[in-house]
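Take a look at the structure set out below.
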Protein chains: 2
Amino acid sequence: MSRKPPTMADIAKAIGVSPMTVSRAFKSDSSVSQETREAILRAAEDLGYVFDSTAANLRSQKTDFVAVTIPSINNANFAETVRQLSDGLSRRGLQILLGYTNYDILEEERLVEQLLRRKPQAIVVTGGRHTPRARKLLSNAGIPVVETWDLPEQPIGHVVGFSNTLAIGEMVRHFADAGYRRIAFIGGDADNDTRGTERRAGFVAAMQAAGLDASRLIACGAPPIGMREGAVAMAHLLQSLPDTEAAICVSDLSAFGALTECQRRGIRVPQDMALGGFGNYDIGAICVPTLTTINAFAGDIGAKTAELIGDVLEGRFEPGLPQTIRFTPVLIGRESSR
Amino acid sequence: MSRKPPTMADIAKAIGVSPMTVSRAFKSDSSVSQETREAILRAAEDLGYVFDSTAANLRSQKTDFVAVTIPSINNANFAETVRQLSDGLSRRGLQILLGYTNYDILEEERLVEQLLRRKPQAIVVTGGRHTPRARKLLSNAGIPVVETWDLPEQPIGHVVGFSNTLAIGEMVRHFADAGYRRIAFIGGDADNDTRGTERRAGFVAAMQAAGLDASRLIACGAPPIGMREGAVAMAHLLQSLPDTEAAICVSDLSAFGALTECQRRGIRVPQDMALGGFGNYDIGAICVPTLTTINAFAGDIGAKTAELIGDVLEGRFEPGLPQTIRFTPVLIGRESSR
DNA sequence: AATCATCATGTTATCGTTACCAGCCCCACT
DNA sequence: AGTGGGGCTGGTAACGATAACATGATGATT
């Protein structure tokens, strides 16, 4: 029963052809006569043959893997990026090899090394901050590298991202234009949360540019920052700076958490406290009141990255000429800031 | 510059040892003298050597991959299962190879076939419904198979799951005991949503067992069923069956959507309409009012599956003796059903 | 002193597929 | 009839690591 699984050679023997012909029969473009191919595929099915990619990968020096690292899978934004990336790549015959860094660049380094051993055709990392060793590994890997979700100052290779700083600036202006003055920022205090700290820095810069006090900063600690952290932060805010008129949160999740805290305390949103989020999560479009947010195009980042990788691998670009694709975050004004 | 990457043979030559010794130097348990190993590792670093798993995989017939299929990555429940699974496996030196079926068993079949070509050491699938061909592929793969999130009547191999039917029965009883009589069910009408339909069937059975009318069934269509679908369904429910006292939703997401619709219409929850969800999502614990739900132990399913796979692969079980690990879903009573 | 286990290393063959290079047959054109 | 090209097939070697077995040196044991 449990003999070892059949190989192409077994099929070849059964049909009376060479293994080479069997190999060809499995590739759609190669030249094999119709009847031979059918006989081979039938025999393969009969024998319960399963193609062995590991051997093919070794011989052809192609794995059709694309390595991807994200901070966390439990985040709708990153998940959406991965989904679109995965869809786009699978359409091109590529398969994702996914790893989580847990928002830790040391973990990222380990992960990158581990993933590179699998000989992916390209690698996508989230963010532009890496350990020196990770940078070196990526640079020397000899495959296309794409950094996403940020616009690194010194990109390793390609980039598909947007400016978190600018995006938050947009949000600050939105509130300032609406007449809010005492505006707080929630989150972005942990230095392993690069996007969060960028947003916080962007908040401070934009507030100062608008001539407003930028000192209302509420800490949430290390990522992931979810709804609960947002609620806790709002409680702090209401206690420490009760005259605050508006709070800009590091993400829609924390904004929603902040909203629930207001609801529990009978604080009306937006009349007593206006709220802004980030990321255009589903929840912000449906909760009551709906949340003003920033669409950072998480899905499009994934889709565009897939397209870019396809183009590069199929030689549609000058090789060695890194591309930077920049998305412009768009503010979505909703009920929480009217 | 772009010569081809160094191999173990190159390191061997540089150090003056055999390739075999180099190979051994990279495995922690093998016997290589301290100094030789150090010299090898140093040379490897100098040359920018990256271990080639594809070759090792072929020769040793071990990939250290575990294939996993889930319906969707954009679902906090499945994501949590995958996270714990991934953590547990990586602790054992195994790496996940993930694929999404989009709630489609035909897509699952394609995916399973594709994943098996990569020669994983084990495969985890979500749910117990598969195409005949997929069943055959899984059975003949010669590796441990784990079905999760359900309790299939005819398991292919191992199972780590719970009874959706029983879980919803629990929920129905909770509402019935609290005095609710006109109870509706939202979702679970699409037949590619196996867990959803099971929950709906469980609802009908439990309602009948309680002597209650089980005909208040609101359709949501095909999965994924999110917040928006829940809101739409609640609108339908309020229009078609306005005297309904309580609604049990196929998940916390749809329950939250239903809640928002109530809020927009000024319908008090739970006074005018009680709500129940499923899955113990973060949102249900924090929204106002908090949602009564069922903890299905999504994370534990992943953790336990990782443990099971570890045990099986390391021969800690009678081989060929499939295990079934059954979780008992627990009702969490919250504000939405007081 | 002889024997044997242990350690560190080397040699050889192989995992299953495919790149590369031929070779054959048949038909279409000169 | 001769030449050429395209379609189909086969033989051989190789991808880069390691399993399996073998070897020499060292030290422990009797």
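First the proteins, then the strands, lettered A, B, ... as listed; each starts at 1. Values below: every heavy atom of this structure, side chains too, minus hydrogens, waters and symmetry copies.
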Whole angstrom value for the distance that separates [atom2] of [N] from [atom1] of [X]:
| X | N | atom1 | atom2 | value |
| --- | --- | --- | --- | --- |
| B:Arg24 | D:dA17 | CZ | C1' | 13 Å |
| A:Asp10 | C:dG16 | CG | C1' | 11 Å |
| B:Met8 | C:dG10 | CE | P | 14 Å |
| A:Arg117 | D:dG16 | CZ | P | 16 Å |
| A:Ile15 | D:dT9 | CD1 | P | 12 Å |
| B:Lys4 | C:dA19 | NZ | P | 16 Å |
| A:Leu58 | D:dT18 | CG | P | 12 Å |
| B:Phe26 | D:dT18 | CZ | P | 9 Å |

Among B:Thr148, B:Leu111, B:Val124, B:Leu97, the one residue meeting side-chain contact (heavy atoms from CB on, under 4.5 Å) with B:Thr69: B:Leu111
Just N and O in the side chain of [X]: are any of them under 4.0 Å from OP1 or OP2 of [N]?
| X | N | result |
| --- | --- | --- |
| B:Thr21 | C:dG10 | yes |
| B:Gln61 | C:dG16 | yes |
| A:Tyr49 | C:dT17 | yes |

For a quick check of understanding: with a heavy-atom distance under 4.0 Å over all strands, which category does [X] fall into, base, sugar-phosphate or nothing?
| X | answer |
| --- | --- |
| B:Ser31 | base |
| B:Thr36 | sugar-phosphate |
| B:Val17 | sugar-phosphate |

Ranking B:Pro19 and B:Ala55 by the position along DNA chain C of their nearest nucleotide, the one closer to 5' is B:Pro19
Salt bridge or not between [X] and [Y]? Use side-chain N to carboxylate O under 4.0 Å.
| X | Y | value |
| --- | --- | --- |
| A:Asp64 | A:Lys62 | yes |
| A:Arg117 | B:Asp52 | no |
| B:Glu314 | B:Arg92 | no |

Examine the base of D:dG16 for any acceptor or donor lying under 3.5 Å from a partner atom in the side chain of A:Arg59, and report the outcome as yes or no. no
Please determine if A:Arg83 forms a cation-pi arrangement with A:Phe78, meaning its NZ or CZ atom is less than 6.0 Å from the six-membered ring centre and no more than 45° off the ring axis. no
Where the side chain of [X] is defined as all heavy atoms beyond and including C-beta, which of [options] is the nearest nucleotide?
| X | options | answer |
| --- | --- | --- |
| B:Met20 | D:dT9, C:dG10, C:dA8 | C:dG10 |
| A:Lys27 | D:dC15, C:dT18, D:dT18 | C:dT18 |
| B:Ser33 | C:dA8, D:dG16, C:dT18 | C:dA8 |
| A:Ser18 | D:dG10, D:dC15, C:dT9 | D:dG10 |
| B:Ser60 | D:dA19, D:dT9, C:dG16 | D:dA19 |

If we ignore angles and hydrogens, is there a donor and acceptor under 3.5 Å between the side chains of B:Glu80 and A:Asn74? yes
